[in-house]
Structures are given as structure tokens and as C-alpha cells.
Amino acid sequence: MSRPVSAPRGTRDLLPKDGPAWSRVEEIARDLSSRYGFDRIETPLFERIELFSRGLGESSDAVEKEMFRVSGAAGGVEEQSEWALRPEPTVGIVRAYLEHGMHVLPGPQRLWMIGPMFRYDRPQAGRFRQFVQWDVEVIGDPGPMVDAEIIELGHRFYAEAGVTDVIAYVNSIGDATCRPGYRAALIEYFGAHEARLTDDSRRRLRVNPLRVLDGKDLDPELAAGAPRSADHLCDACRAHFAAVQALLDDLGVRYEVDNRIVRGLDYYTRTTFEFFVAGRRGQQQALGGGGRYDGLVELLGGSSTPGIGFGIGIDRTVLAAAEQGVTLTAGTPLIAVVGADTDALAFRLKVAAILREEGLRVRVDGSSRKLGRQLESAAKLGARFAVLVDPLLADGIVILRDLEASEQREIRLDEVPGAITM
RNA sequence: GUGGCCUUAGCUCAACCGGCAGAGCAUCGGAUUGUGGAUCCGAAGGUUACGGGUUCGACCCCCGUAGGCCACCCCA
């Protein structure tokens, strides 16, 4: 064997053994998107760099140090253009919303998408340079009900994927009216204690004071005494946040208010939230997160339009389910067609074709090995049933063997689908 | 982007002080005289991550590179 080329750093291959769990989780996401009344949208994996720097904010980590840049070359000629692979889905979706005049469509736009995102940061367990997110966005709905609705949707998703003990940490970071006041309060407070801040926090205090709060390096005593966003909300934001909490209470959704949830992107306003498995908070293993972005549409050139959404990590959901011992499966049981007559390959293939036509999942053994070996292979491949064809049996009759129960019976071929779907 | 630990067969790991690279599992073939998971026999699988240095001789010591893990930063 020659030296294999390895996958790029921070990426990995989805292997056959991982397939069923991934398929199942994606299936749940698609199904819930539909049940909650979302419509599918698909945007490019790359966009103009300025879309991200404008939408996410120059000082955000995603733009400042995690941008995955690609340059265009056609026929060996460099086009004088550079793009960035999308680090998150929202700005691309808002761009499409504006570009296609979707604001004239009836009702708030409820959109969903599943696809890879790219961030050029240092790989770690559960963190990759390419990862897959399920994303939902509601554009044009200002009310608190939709905030509660999508947080509940997130919980429902984890529940159906078998991940238990999920908790949403929620916060409100205010809007254009009250955020400046809160910002000023933070600058004043941390400015007065600048000696106790790390270099990094000091830098953030200048470019984005809110983000000083979620630094792990922050002196706990200092954090405890810091101004709380909830105390600086304007009346409208305060009422909105109170309404969101009341709705979550009524729904019985598990959540906790945490004023350190400020989110790394600049576009957020009012409600912000992150999903964690309870007790796993310290490990930077958020399962998902999102929030309201009432200023983003306008920032990208549209009229003032509210929005809210979340991104949920498919990778981390699969991982969390596995860690909790959940086995996720997708698809129907596998059937192996084997033959006692080692020469009658045409017969085996025909039987397989008939079963496949009925929608069954079938592998057919084309070897001339004896029956025992064929059954052994079938079992190793994970087949639940084996269909034995033998010219000595009457026309249209096969043997259906249950490989788990080690039971078998003669059966008419056309009765096989009914017999195995029970 | 910063720091620490690590890298030997597909997987999990051995190999004494620097002296001929091995085992288990998995895979494939055969046997157990025409129905699977057991058992037995056999085969295949290696540039010891890659490149350089020291040495009579390097999986082992030194330097570099790449990749993985962990802690930061930040998130999914």
C-alpha cells in the first residue's frame, strides 16, 4: 500500500458505521422543520467576504481570526476575487431574503437549512473546521411568542434525538435603545477595575465591552459585581424578555436566565440563548445557540425587519447521543438473499429485484460459497433476515429465515414484505 | 492564534541499555462431509506519521514538519 493522503486538518470522514446515527438526526431535523411550518432554503457555501465582515462585525472572532478564505481561479487565471466559506448561516440567508425581495411574501418568512459551516480555528474534540448545522430562521416576526417557540423547538429536537438533560441558558442583551447605556455602564465598571483584567479582556473592553463578560479569565468577584444586562433594559426590551420567560414557563421548557450569554456575533439583540447538556457547561460544548437579530436586515441594506433563529450542531448532537448511550438507527431491516444452488445466480438476482421493487433493503450474495458461509457473511453484515432460494422448492416459494431468532419457514415470495415489516 | 501531552498493521497495544518489528481483535481463504455468530488450520496486512541528524547499527537519542488529543480564546 502506498502512502495515503490524509484529510485536511480539522475535517473528518463520515464513515458507514456513523451513517445511521447521522441520517436519523438529520431526518429528525427535516421532519421538525416541516412540522413547525418552516420552508427550505439553501444558500451557497461561500459568500463575499464583506457580507460577513459587515453582518457579523469586524471584531467578532468569526471574522477576526476564523475566516476561511478561498480565492477563485478559472483556467489557471486568477480572478481578482476572494471569498469566505460561511462560518454561520444567518447572514447568507438574510442576503438571499433581500436579494429575492422575500419581504413582500405573505407572513413572516420561516426558513430552515442543513449544511456545512467552516471556521478556521484550532481543532479539538467536538470542534472541527468543517461542521454541520441545522439552522432555522424567522424573519419578520417581532413578538415574544416566536422566541419561545423556537427555544421549544430546540428542546423537542434534542428530545427526539435521545439527548436528555438539555437546558437552555437565556438572556436579553437589549436593543439599539438600551444597549448603548448598558455598554457605557460596562465600560465604566470594567474601566475602573482595569488592573484586574487580562490583556485580552482589556482589548475586548475597547472593541466590544459585552464580550468581556463571557471570558473565562474574568475574576469571579469582578464578574459578580458587574452591571447586569437585565437591569439596563429599556421598558420595551424588559417587557419582551418577561413575556418570553412567561411563555417558556407555560410550555414547561427547561431554561435558566444567565446574563453571561452575550454571543460572539455583533448582530444579536434582545433574546440570546445557548443549549447545553446540564453539567457540561464548563467544557465549551454548546449543542446549539441562537438569538434575535432585529437590526441585521437593515444593516445589510433592507428596511427595518426583526429576525430570530438558531443553529444546532449535528456533529455535537450525534456525539452527545452516543455519550449518553443512545443508539440511533435509520432505515429498514437488511435482507440477504442467499442460495443453496451455487449456480443459480440469475434466480437469486431476480428474487432480490422483486424484493427491492417492494421497497425492501436487500443485499444479494453472488458467491458460490456453500450456504453456511453465505449465512455467516449475512449475519456479519448486519442482516436481520435471510431469504434462501433453492430450485428444489416449489415455484414461488422461498425460505425466510430470521437471523436473530434463528427461526425459519417456507413462504411465498410475495408474502415476504408483509412478513418482515411486522 | 498560545501552551502541554502524544503518533508502531484497519483497531488496541508490545518490542530490555541503541542490536533481526511482534501479539490480540478485525479482514480474507480452508476444515468441521449441504443452514450463520463457536472451534481449529492458514493467508494477507509495515518506508515504525513525514524529512533530516548522531551512530558500526535508530521504533528507541537530537532537530524540523504534519496530524491527533487536552487546556486557553471562541463557539456548533
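Note that these values count all heavy atoms, side chains included, but never hydrogens, waters or copies made by symmetry. Protein chains get the first letters and strands the later ones, always in sequence-line order, with residue 1 at the start of each. On a predicted model such as this, the values are computed, not experimentally measured, just so you know.
- At whole-Å resolution of the value, CG in A/Asp121 and P in B/C72 are 15 Å apart.
- Remark: A/Arg373 is not in phosphate contact with B/G36, judged by side-chain N or O atoms under 4.0 Å from OP1 or OP2.
- Applying the 6.0 Å contact sphere to CZ of A/Arg254 captures more than 12 heavy atoms from other residues, nucleotides or ligands.
- A/Gly382 comes within contact range of no nucleotide atom at all, as no heavy-atom separation falls under 4.0 Å.
- Between A/Arg263 and B/A76 there is a side-chain N or O to OP1 or OP2 distance below 4.0 Å.
- Taking the C1' atoms as reference points, B/C25 lies 15 Å from B/A14, given to the whole Å.
- Using a 4.0 Å heavy-atom criterion, one finds that A/Gln408 contacts the bases of the nucleic acid, with or without backbone contacts as well.
- The ring of A/Trp83 has its center closer than 6.0 angstrom to the ring center of A/Phe46.
- Using a 4.0 Å heavy-atom criterion, one finds that A/Ser377 contacts no nucleic acid atom at all.
- Between A/Leu233 and A/Arg238 the shortest heavy-atom distance is O-NH2, 2.9 Å.
- OP1 or OP2 of B/U35 has not a single side-chain nitrogen or oxygen of A/Arg401 nearer than 4.0 Å.
- Comparing the same atom, P, in B/U39 and in B/U12 gives a spacing of 23 Å after rounding to whole Å.
- Projected onto RNA chain B by closest heavy-atom contact, A/Phe131 and A/Arg122 fall at different nucleotides, the more 5' of which corresponds to A/Arg122.
- The same atom, C1', is picked in B/C61 and in B/C69; the two are 25 Å apart, to the nearest Å.
- Put simply, the side chain of A/Arg369 and the base of B/G30 share no donor and acceptor less than 3.5 Å apart.
- Taking atom CD of A/Glu407 as the reference point, atom P of B/G37 lies 17 Å away to the nearest angstrom.
- Only the C1' atoms considered, B/U55 is 15 Å distant from B/C17, to the nearest whole Å.
- In this pair, A/His232 and A/Tyr182 present their aromatic rings tilted. The plane angle is within the 30 to 60° band.
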Which nucleotides of RNA chain B pair, in dot-bracket form (Watson-Crick or G-U under 3.5 Å, | meaning another strand): (((((((..((((.....[..)))).(((((.......))))).....(((((..]....))))))))))))....
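- Here the side chain of A/Lys370 is nearest to one of B/A31, B/A76, B/U35, namely B/A31.
- Within the nucleic acid shown, A/Phe128 comes within 4.0 Å of at least one base atom, counting heavy atoms only.
- Taking atom C1' on both nucleotides, B/A58 is separated from B/C40 by 40 Å, rounded to a whole Å.
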Verdict with supporting geometry, A/Phe273 and A/Tyr169, ring pair (Phe, Tyr, Trp, His ring centres under 6.0 Å): CA-CA 5 Å; A/Phe273 56 91; A/Tyr169 293 98; over 10 Å; no
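- Within the 4.0 angstrom heavy-atom criterion, no nucleotide atom of any strand lies near A/Ala378.
- Between B/A71 and A/Gln124, a contact under 4.0 Å exists linking OP1 or OP2 to a side-chain N or O.
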Residue pair A/Tyr36, A/Trp112: steps toward the ring pair (Phe, Tyr, Trp, His ring centres under 6.0 Å) verdict: CA-CA 10 Å; A/Tyr36 278 69; A/Trp112 73 274; over 10 Å; no
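- The gap from the P atom of B/C41 to that of B/C56 amounts to 46 Å, rounded to the nearest Å.
- Remark: aromatic rings of A/Tyr120 and A/Phe68 are close, center separation under 6.0 Å.
- Atom C1' of B/C70 sits at a distance of 30 Å from the matching atom of B/G46, rounded to the whole Å.
- Within 4.0 Å (heavy atoms only), A/Asp61 reaches sugar-phosphate atoms of the nucleic acid but no base atom.
- The six-membered or imidazole ring of A/His155 lies near that of A/Phe275, with a centre-to-centre distance under 6.0 Å.
- A/Ile314 comes within 4.0 angstrom of nothing in the nucleic acid, heavy atoms only.
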